[in-house]
Number of protein chains: 2
Amino acid sequence: MTSLEGRPLSAGDSGYQRIRSDIIFGVLTPSVRLKLDAMKEDYGVSISTLREILNRLTSEGFVVAEGQRGFEVAPISIQNLRELAGLRILLEHHAMAESFRAGDVEWEGRVVSAHHKLAATERTVLSEGDDPELRKRYDGEFHQALISSCGSRELMQTHAVVFDKYFRYALRYRGAETINQHKALLECALKRDIKSARAVLTDHINGCVAHALASWNEG
Amino acid sequence: MTSLEGRPLSAGDSGYQRIRSDIIFGVLTPSVRLKLDAMKEDYGVSISTLREILNRLTSEGFVVAEGQRGFEVAPISIQNLRELAGLRILLEHHAMAESFRAGDVEWEGRVVSAHHKLAATERTVLSEGDDPELRKRYDGEFHQALISSCGSRELMQTHAVVFDKYFRYALRYRGAETINQHKALLECALKRDIKSARAVLTDHINGCVAHALASWNEG
DNA sequence: TGATCGTAGATATTCGAAAATCTCATATGA
DNA sequence: TCATATGAGATTTTCGAATATCTACGATCA
């Protein structure tokens with residue numbers, strides 16, 4: 001694989017992306033022990049490189065490391081989902097407000113573009129089935145576009161990590177409600193209606209929490 | 001060095017803490033290139049271990065890694081300081097509000113204890129000179145205690161990283177104003193007066209930004 | 001002159017194996 | 001029986017060296 005600049009991705013970087021993605025999408029089950037020897041085979045990298053990757057993911061909170069007893073995938077819990085939802089609302093509300101204030105027509109262009117791609121993908125779920133990876137990507141890019149004029153790189157980075165952690169719980173497609181909320185957010189953005197945007201976003205996220213809790217109980 | 005449980009700290013962990021601390025306290029200058037061979041000597045660990053450490057610090061934002069060109073200490077800028085201050089206010093306001101609401105007498109005990117230690121340390125600055133490392137530790141522990149009943153581990157962890165990054169800019173001791181603000185925060189906490197606490201904290205942080213900018217211009 | 005290419009040295013990345021540590025089953029003694 | 005010691009095997013941590021990549025300087029050519 002190569003990056004956008006055409007530079008070949010180092011073994012460490014591509015392994016990092018694969019493992020991170022496998023955690024987010026549940027390929028690597030929460031709380032499972034990550035045995036280095038086994039993973040070495042699966043991801044085609046040496047133990048040292050693997051440890052670099054796992055150390056990065058530990059800082060981000062996708063992996064936990066305990067003493068000299070190795071690594072495991074970060075556990076999930078209802079409590080943690082609630083915490084992430086609350087944190088995401090806090091960060092995204094604030095970032096949206098700043099972004100709505102400062103956003104110019106370039107920003108509107110990014111928002112419209114991101115929404116178009118998200119909406120197109122959401123429509124194909126019905127005909128072609130759900131592709132969680134693609135859906136997450138465009139969902140993330142849309143919310144990122146909404147806050148992209150907030151003026152704070154630190155805020156955006158913090159938000160991005162929280163969003164990715166949150167997505168571990170938001171795997172299943174939720175249907176029309178989500179589509180409408182995304183559309184409403186687009187309209188709020190273009191009208192700079194931060195108050196409505198906040199309400200929609202709160203519903204958006206809380207709805208997702210409720211949905212996750214429901215499917216949690218089903219199994 | 002040994003951890004609280006008496007378990008010997010691994011080479012990687014102690015190196016991590018030393019390098020992280022050296023970045024926060026300016027021993028490792030912002031934007032300097034981190035040459036692995038040289039650091040290997042300084043911190044007494046092998047290159048592989050060093051890379052694990054640097055990868056962790058990259059995720060946290062204390063180090064930046066570019067392509068296959070190695071690592072460097074994260075740069076500092078006025079813009080970044082403003083971003084961190086804004087983010088800290090956002091997170092800490094919210095966490096204080098939750099913590100004030102949920103805090104019981106155990107929490108009050110933690111807050112009183114942390115403030116006592118911080119105040120004692122701040123007093124010794126006059127007689128025995130400033131020890132930034134000690135001051136940062138107790139400052140951090142006090143603010144951590146204030147939000148320790150917020151009920152969200154994710155929020156506290158996110159706040160802790162932002163606080164540490166912020167402290168890179170808040171090195172110099174600021175004197176009486178800080179002492180009074182900490183005391184005011186203690187009193188607000190015991191009275192559960194979140195509104196005043198927010199005002200004090202905003203002043204506290206903005207005052208620190210102004211101070212940092214001033215000494216920035218001096219050199 | 002200015003630009004491109006090539007090379008040597010410096011540096012980062014990756015690896016496999018040695019050393020340290022942990023785990024767990026088994027043995028021993030109170 | 002229960003608690004504590006012991007040791008073999010599994011696993012992690014750490015290391016030094018091999019490999020790959022980058023940087024900067026000088027040579028070559030238009």
Side-chain angles (χ1 to χ4, degrees), chain A residues 1-20 22-23 28-75, chain B residues 1-20 22-23 28-75:
Chain A
M1 199 194 286
T2 54
S3 62
L4 254 64
E5 296 91 14
R7 189 180 286 163
L9 219 51
S10 70
D13 283 336
S14 71
Y16 165 76
Q17 292 185 357
R18 284 181 51 204
I19 294 176
R20 191 180 197 273
D22 282 352
I23 292 174
L28 291 169
T29 312
S31 299
V32 299
R33 187 103 185 286
L34 294 169
K35 293 193 192 171
L36 298 170
D37 262 321
M39 291 185 86
K40 179 174 85 157
E41 321 273 302
D42 295 343
Y43 293 97
V45 292
S46 72
I47 286 188
S48 311
T49 305
L50 207 44
R51 286 182 57 83
E52 290 185 16
I53 294 169
L54 263 19
N55 271 292
R56 280 167 80 174
L57 292 169
T58 299
S59 280
E60 290 185 272
F62 290 104
V63 166
V64 294
E66 7 182 348
Q68 271 126 302
R69 257 161 294 187
F71 302 88
E72 59 184 61
V73 178
Chain B
M1 197 195 282
T2 54
S3 62
L4 254 64
E5 296 91 15
R7 189 180 287 162
L9 219 50
S10 69
D13 283 336
S14 73
Y16 165 75
Q17 291 185 357
R18 283 180 54 206
I19 295 175
R20 191 178 197 272
D22 282 352
I23 292 174
L28 291 169
T29 313
S31 296
V32 298
R33 188 104 184 286
L34 293 170
K35 293 191 191 171
L36 297 170
D37 263 321
M39 291 186 84
K40 179 174 87 157
E41 322 272 303
D42 295 343
Y43 294 97
V45 293
S46 73
I47 285 188
S48 312
T49 306
L50 206 43
R51 286 182 57 83
E52 289 185 16
I53 295 169
L54 263 19
N55 272 294
R56 278 167 80 175
L57 292 169
T58 299
S59 280
E60 289 186 272
F62 291 103
V63 167
V64 294
E66 7 182 350
Q68 269 126 305
R69 258 162 297 190
F71 302 88
E72 60 184 61
V73 178

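Keep in mind that this is a model prediction, so the values were computed, not measured. Heavy-atom basis, side chains included; hydrogens, waters and symmetry copies ignored. Every chain is numbered from 1, with letters handed out A, B, ... down the list of sequences.
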Asks: For B/K35 and B/S48, take the nucleotide of DNA chain C holding the closest heavy atom to each; which residue's nucleotide lies nearer the 5' end?
Replies: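 With B/K35 and B/S48 compared, the 5'-side residue is B/K35.
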Asks: Output the distance between atom OG1 (B/T58) and atom CZ (B/R51), rounded to the nearest 0.5 Å.
Replies: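 CZ of B/R51 is found 9.5 Å from OG1 of B/T58.
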Asks: For the atom pair CD (B/E66) and CD (B/E72), what is the distance rounded to the nearest 0.5 Å?
Replies: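 The distance works out to 5.0 Å.
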Asks: Does a side chain donor of either B/D22 or B/Y43 reach within less than 3.5 Å of an acceptor in the other side chain?
Replies: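 A donor-acceptor contact under 3.5 Å links the two side chains.
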Asks: Rounded to the Å, how far apart are A/D13 CG and D/dT21 P?
Replies: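 Result: 13 Å.
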Asks: Rounded to the nearest angstrom, tell me the gap between atom CD in B/E66 and atom P in D/dC22.
Replies: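 For the pair B/E66 CD and D/dC22 P, the rounded distance is 12 Å.
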Asks: In whole angstrom, give the distance that lies between atom CD of A/E52 and atom P of D/dT14.
Replies: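 Whole-Å distance recorded here is 13 Å.
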Asks: Taking the axis from the first five pairs and the axis from the last five, what angle separates them in the helix from C/dT1-D/dA30 to C/dA30-D/dT1, rounded to 10 degrees?
Replies: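 Between the axes fitted at each end of the helix from C/dT1-D/dA30 to C/dA30-D/dT1 lies an angle of 10°.
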Asks: Are A/T49 and C/dC15 close enough that a side-chain N or O sits under 4.0 Å from OP1 or OP2?
Replies: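 Checking C/dC15 against A/T49, a side-chain N or O does come within under 4.0 Å of OP1 or OP2.
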Asks: How far does CZ of B/F62 sit from CG of B/L28, to the nearest 0.5 angstrom?
Replies: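 So the CZ of B/F62 and the CG of B/L28 are separated by 12.5 Å.
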Asks: OP1 or OP2 of C/dT14 sitting under 4.0 Å from any side-chain N/O of A/R51?
Replies: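 So the side chain of A/R51 is outside the cut-off, no N or O lying under 4.0 Å from OP1 or OP2 of C/dT14.
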Asks: Check A/L50 against A/L36 and note the closest heavy-atom contact, atom names and distance.
Replies: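 The pair with the smallest heavy-atom distance is CD2-O, 3.4 Å.
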Asks: Just do the salt bridge (Lys or Arg N to Asp or Glu O under 4.0 Å) check on B/K35 and B/D42 with the steps written out, would you?
Replies: CA-CA 11 Å; B/K35 293 191 191 171; B/D42 295 343; over 6 Å; no
Asks: Between C/dT14 atom C1' and A/I53 atom CD1, what is the distance in whole Å?
Replies: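 Computing the A/I53:CD1 to C/dT14:C1' distance gives 11 Å.
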Asks: What's the closest nucleotide to the B/R69 side chain, out of D/dT23, C/dT14, D/dT14?
Replies: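 The nucleotide sitting nearest to the side chain is D/dT23.
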Asks: Mapping A/I47 and A/R33 onto DNA chain C by nearest heavy atom, which one lands closer to the 5' end?
Replies: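 Of the two residues, A/I47 wins.
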Asks: From CG of A/L50 over to P of D/dT14, roughly how many Å is that when rounded to an integer?
Replies: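 These atoms are roughly 15 Å apart.
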Asks: Rounded to whole angstroms, how far apart are CE on B/M39 and P on C/dA12?
Replies: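 Answer to the nearest Å: 11 Å.
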Asks: Could you check how far OH of A/Y43 sits from C1' of C/dC15, rounded to whole Å?
Replies: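 Those two atoms, OH and C1', are 20 Å apart.
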Asks: Need one value for B/L34: base, sugar-phosphate or nothing, where a base atom within 4.0 Å counts as base even if backbone is also close, heavy atoms only.
Replies: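 Sugar-phosphate only.
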Asks: Quick one: does A/V73's side chain get under 4.5 Å of A/T29's, heavy atoms only?
Replies: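 Sidechains of A/T29 and A/V73: no contact.
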Asks: May I have the distance from A/F71 (atom CZ) to C/dC22 (atom P), rounded to whole angstrom?
Replies: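 Distance check: A/F71 CZ to C/dC22 P gives 14 Å.
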